[in-house]
Amino acid sequence: MASLPSVAVTGVTQKLDLEYRKFSQHYSISTDKNTNISYQRSYTSKPSEKNIDPKSLDYREALSILKESSVVESAVYVPILQECIDNYSVSEAQMIHTHVIKTGYHEDMFLMTFLINVYTKCGAMDFARGVFDKLSKKNVVTWTALITGYVRNSEPELAIRVFLELLESGAYPTNYTLGAVVSACSSLYLVGMGKQIHGYIVKYNIESDTSTGNAICSLYSKCRRFDLAVKAFRRIPEKNVISWTTMISACGDNGDAMLGLKIFVEMLLDGVEPNEFTLTSVLSLCCVMQALEFGEQVHSLSIKFGCVSNLPVKNSIMYLYLRSGKTDEAQKLFSAMETISLVTWNAMIAGYAQMMENEKNVLKAQHSGTDALNIFLKLNRSSLKPDLFTFSSILTVCSSLVAIEQGEQIHAQTIKTGFLSDIVVGSALVNMYNKCGSIEKATRAFVEMPTRTLISWTSMITGYAQHGRSAQALQLFEDMRLAGERPNKITFVGVFSACSHAGMVDQAMRYFKMMKKEYRIKPVVDHFACLVDMFVRLGRLQDAFDFIEKMEFEPNEFIWSILIAGCRSHGNMDLGFYAAERLLELKPKDFETYVLLLSMYLSAGRWKDVSKVRKLMKDENLGKVTDWSSISIKDKVHSFRPDDRSQSHSTEIYKLLDNLLDKAKSLGYASLKSLEMADEEETDKTFSSAIHHSEKLAVAFGLLNMTSGASVRVLKSSSMCRDCHSLIMYISVLTGREIVIRDSKRLHQFNNGHCSCGDFGSLL
DNA sequence: CGCTCATAAT
């Protein structure tokens, strides 16, 4: 992004002050928006001619006048030029332009300004500039038209440059000019320069102009100076619908949706009628707030104010229903829409993607994911083409479903359509490959990104850490620092997780200090979880416990679980029982926490504690454990429950599993099920009494149905148990295949008898 | 006079 040198910025203010004396003498700012525009007086006309009011002249009439006579009043051009704007027709504008020159009106200030405006509105800035440069005399409106043109055509730097030229020329900026320049500052995030212009505007009382006030409010909002945006808004004496809408959407952009809704109510009480812009903004706030009932009221208002047929409004209403779980309602609206845009498709895809992310029930989440994929396929069959929003949403879906084949297809599509170079799409790709357990492809996608962002660095560091490649994770972190990118707290979660994996205590502590001192990032509970995990993996349980005791957080359910799992696998049961007591005080919410506690107490034969845990489970009213696994092959997602026999291939699946089990036993695999299986109570029956947990079935299905040698990638809803973990390691040896299982807690990449998770930690 | 300010999906 180009930014102006600070010299230029200070230059502006000096210049502005200098110009003010002249300015204040010659201009008064009119806030009267209802003045009827009269063209007659301002047109140059030949003395012999009668003045024509262009407003009473339509396009056809004007055109016929133009054809019949070579000598016309300049007003005749107006409806024709208006038509050029409406048709976005540069060529027609050029024809009129030539005509204007022939008839000698090329010095008519109004007409030429209008022509500049026509060209800018048709996207032909070169022509607009050409007209401007040829003018022997220019006034501030001419200048402003050009500046506005650059702003409109996404050339804010040029807009500001022309503004500086304007000051140089001795012309006086008006509220119109300043509004356009403020808007140019907004798109360049030049809050400093914007502030200086604001100061000027305040000083000379142009601020009371509604439009200027709106522009300033918008500037501060875009530059993330929300407090200043609110102040600017409050200072607008006569707020119009744009003022309110600007402020409401500013609330959304700056993360205060509630305030936005309050301001909307204030607006209604003020008697200002919302329009389609307002309603779309408000509906998006309702999404953020998950305020369905309020949203339904807004839906009614949309009908009342006649905006319900407006496409953005419809899209927003549909998205709101989708995000609120009213999928039927959303689908109904979707299929009832006679015209839809790409945003409609994207809203549907993003809606299902979001539902998938938020859905605790893994089966439902999976359904949402496949719904999103199906909509994406439909979009591809339609006449519209996916864009960066589509790609980033759908790649998230692929990553959540561990659908690498679909992801690769979409990767190819981003290359073809040129969206690969987009940083959001690039990060989404890196994330997708990481979540699918393909560190090689993630690395390639990362390296091929034209520029890296905080998100992509972090995603890649975390990816290395999750794949057990600690050294590479830390190397990348150092590269990131060298590149001058500032890590955030999530980056450090990746760093600590890498240290934890490799048992690098000293490194971890050094980075922990660095995070606090150098980057002023407050540790969060996830950081402590990684560090506790690190001590546990090393078997340093007492250190882990001491660390928990002295950290500046109340240990949560997750942290205690890590310690307890460690105590189990390292045989320090006293500490385990103590930690379990403390954990129970927290009344855990996660089903898997209870499974861990139960299996610990069961294996120790502590029946009293078993029933205590059971009672708490009933009190907390937890749902059933959901052991689900899925595998995505081609464009289909196949799901499995424990001991599932619903698949048509199930006979083959079980045959293969039995075969593999026998071979594994001969290599030394021993079932770890004996103790856990002793429990037959209903609550955890699905978990413990199953002969085959779901991931085994999914893996077997993959082995049977994928091209030989291809990696098998499975998504599992809960954590893997130690038994399955052990068996899959043998299967990876026996089949010579890479097997990736992403469970609810971590990624397991099995290769030739090894797993990237390090084979220990909080396995149940 | 002519020239401005605001919207939905990652």
Side-chain angles (χ1 to χ4, degrees), chain A residues 30 33 35-43 54 75 78 81 108-118 120-121 139-149 151-152 173-184 186 209-219 221 236 239-250 252-253 274-284 287 307 310-320 322-323 341-351 353-354 386-397 422-425 427-428 431 455:
Chain A
S30 161
K33 295 277 158 206
T35 316
N36 272 325
I37 298 158
S38 160
Y39 294 93
Q40 279 145 310
R41 236 170 288 156
S42 55
Y43 279 95
V78 173
L81 287 172
D108 179 316
M109 201 73 94
F110 167 78
L111 195 55
M112 295 324 269
T113 307
F114 194 36
L115 193 58
I116 290 172
N117 197 24
V118 172
T120 66
K121 283 193 175 158
N139 68 12
V140 66
V141 184
T142 333
W143 284 98
T144 307
L146 188 67
I147 293 170
T148 307
V151 173
R152 195 198 320 266
T174 67
N175 52 342
Y176 286 95
T177 325
L178 295 165
V181 177
V182 167
S183 154
S186 300
D209 176 59
T210 305
S211 302
T212 314
N214 296 348
I216 289 171
C217 177
S218 166
L219 164 83
S221 163
I236 302 170
K239 301 177 184 66
N240 63 13
V241 62
I242 297 179
S243 322
W244 290 101
T245 307
T246 307
M247 194 60 237
I248 288 167
S249 68
D253 294 339
N275 63 16
E276 67 272 27
F277 291 88
T278 326
L279 294 166
T280 353
S281 289
V282 173
L283 286 162
S284 111
C287 268
C307 297
N310 175 270
L311 186 53
V313 171
K314 270 199 240 176
N315 287 340
S316 304
I317 293 171
M318 185 192 77
Y319 188 64
L320 172 72
L322 198 53
R323 290 295 305 277
S341 66
L342 183 57
V343 177
T344 319
W345 288 107
N346 288 351
M348 285 297 278
I349 293 169
Q354 279 295 325
D387 69 354
L388 72 161
F389 287 100
T390 330
F391 286 129
S392 43
S393 290
I394 202 69
L395 284 169
T396 308
V397 171
D422 180 82
I423 45 171
V424 180
V425 173
S427 312
N431 177 54
I455 307 274

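- Side-chain proximity of A:V343 to the nucleotides B:dA8, B:dC5, B:dA6 is greatest for B:dA8.
- Going from atom CZ of A:F114 over to atom P of B:dC1 covers 15 Å, rounded to whole Å.
- A:Y176 has no side-chain polar atom (N or O) that falls below the 4.0 Å cut-off from OP1 or OP2 of B:dC1.
- For A:A145, whose side chain is taken as the heavy atoms from C-beta onward, the closest listed nucleotide among B:dA9, B:dC3, B:dT7 is B:dC3.
- Between A:I116 atom CD1 and B:dC3 atom C1' the separation is 10 Å, expressed in whole Å.
- Taking the 5.5 Å centre cut-off and the 30° plane limit, the aromatic side chain of A:F389 is not classed as stacked on B:dT10.
- Across the protein-nucleic acid pair, A:L115 atom CG and B:dC1 atom C1' stand 16 Å apart, rounded to whole Å.
- Residue contacts for A:M348: at a heavy-atom cut-off of 4.0 Å it reaches no nucleic acid atom on any strand shown.
- If you check B:dC1, B:dA9, B:dC3 against the side chain of A:N117, the one that comes closest is B:dC3.
- The shortest side-chain heavy-atom distance between A:V282 and A:W244 does not fall under the 4.5 Å cut-off.
- The base of B:dT7 is not paired with the side chain of A:S281 by any donor and acceptor separated by under 3.5 Å.
- Candidate nucleotides B:dT10, B:dA8, B:dC3 were compared by shortest atom distance to the side chain of A:S316, and B:dA8 ranks first.
- Taking side-chain N and O atoms only, A:S218 has a distance below 4.0 Å to OP1 or OP2 of B:dA6.
- Atom-to-atom, CG of A:L81 to C1' of B:dC3 comes out at 15 Å; the value is rounded to the nearest Å.
- Between A:T177 and A:W143, the closest side-chain pair of non-hydrogen atoms is not below 4.5 Å.
- Rounded to an integer number of Å, the gap from CE of A:M318 to P of B:dA9 is 11 Å.
- Taking side-chain N and O atoms only, A:R152 has a distance below 4.0 Å to OP1 or OP2 of B:dT4.
- Of all nucleotides listed (B:dC5, B:dA9, B:dC3), B:dC3 comes nearest to the side chain of A:T144.
- Annotation: side chain of A:S243 is in contact with side chain of A:T210 (closest heavy-atom distance under 4.5 Å).
- Checking B:dC3, B:dA9, B:dT10 against the side-chain heavy atoms of A:V141 singles out B:dC3 as nearest.
- Between the A:T245 side chain and the A:V241 main chain, a donor and an acceptor come within less than 3.5 Å of each other.
- Taking only side-chain atoms of A:D387, from C-beta outward, the nucleotide of B:dT4, B:dA9, B:dC1 with the closest atom is B:dA9.
- Look at A:S183 and you'll find a side-chain N or O under 4.0 angstrom from OP1 or OP2 of B:dC5.
- Here B:dA9 presents its C1' atom at 14 Å from CG of A:D422, a figure rounded to the nearest Å.
- The side chain of A:S393 has B:dT10 as its nearest neighbour among B:dT10, B:dC5, B:dA6.
- Protein atom CZ of A:F277 is 14 Å distant from nucleotide atom C1' of B:dT4, rounded to whole Å.
- When each of B:dC5, B:dA8, B:dA6 is scored by its nearest atom to the side-chain atoms of A:N214, the top-ranked nucleotide is B:dC5.
- Considering only heavy atoms from C-beta on, A:N117 comes within 4.5 Å of A:R152 through its side chain.
- The residue A:A350 sits close only to the backbone: its heavy atoms come under 4.0 Å of sugar-phosphate atoms, none of a base.
- Whole-Å rounding puts the A:L311 CG to B:dA9 C1' distance at 12 Å.
- Within the nucleic acid shown, A:N275 comes within 4.0 Å of at least one base atom, counting heavy atoms only.
- Counted within 6.0 Å of CD1 on A:I423, heavy atoms from surrounding residues, nucleotides or ligands total 12 or fewer; the atom is thus considered open.
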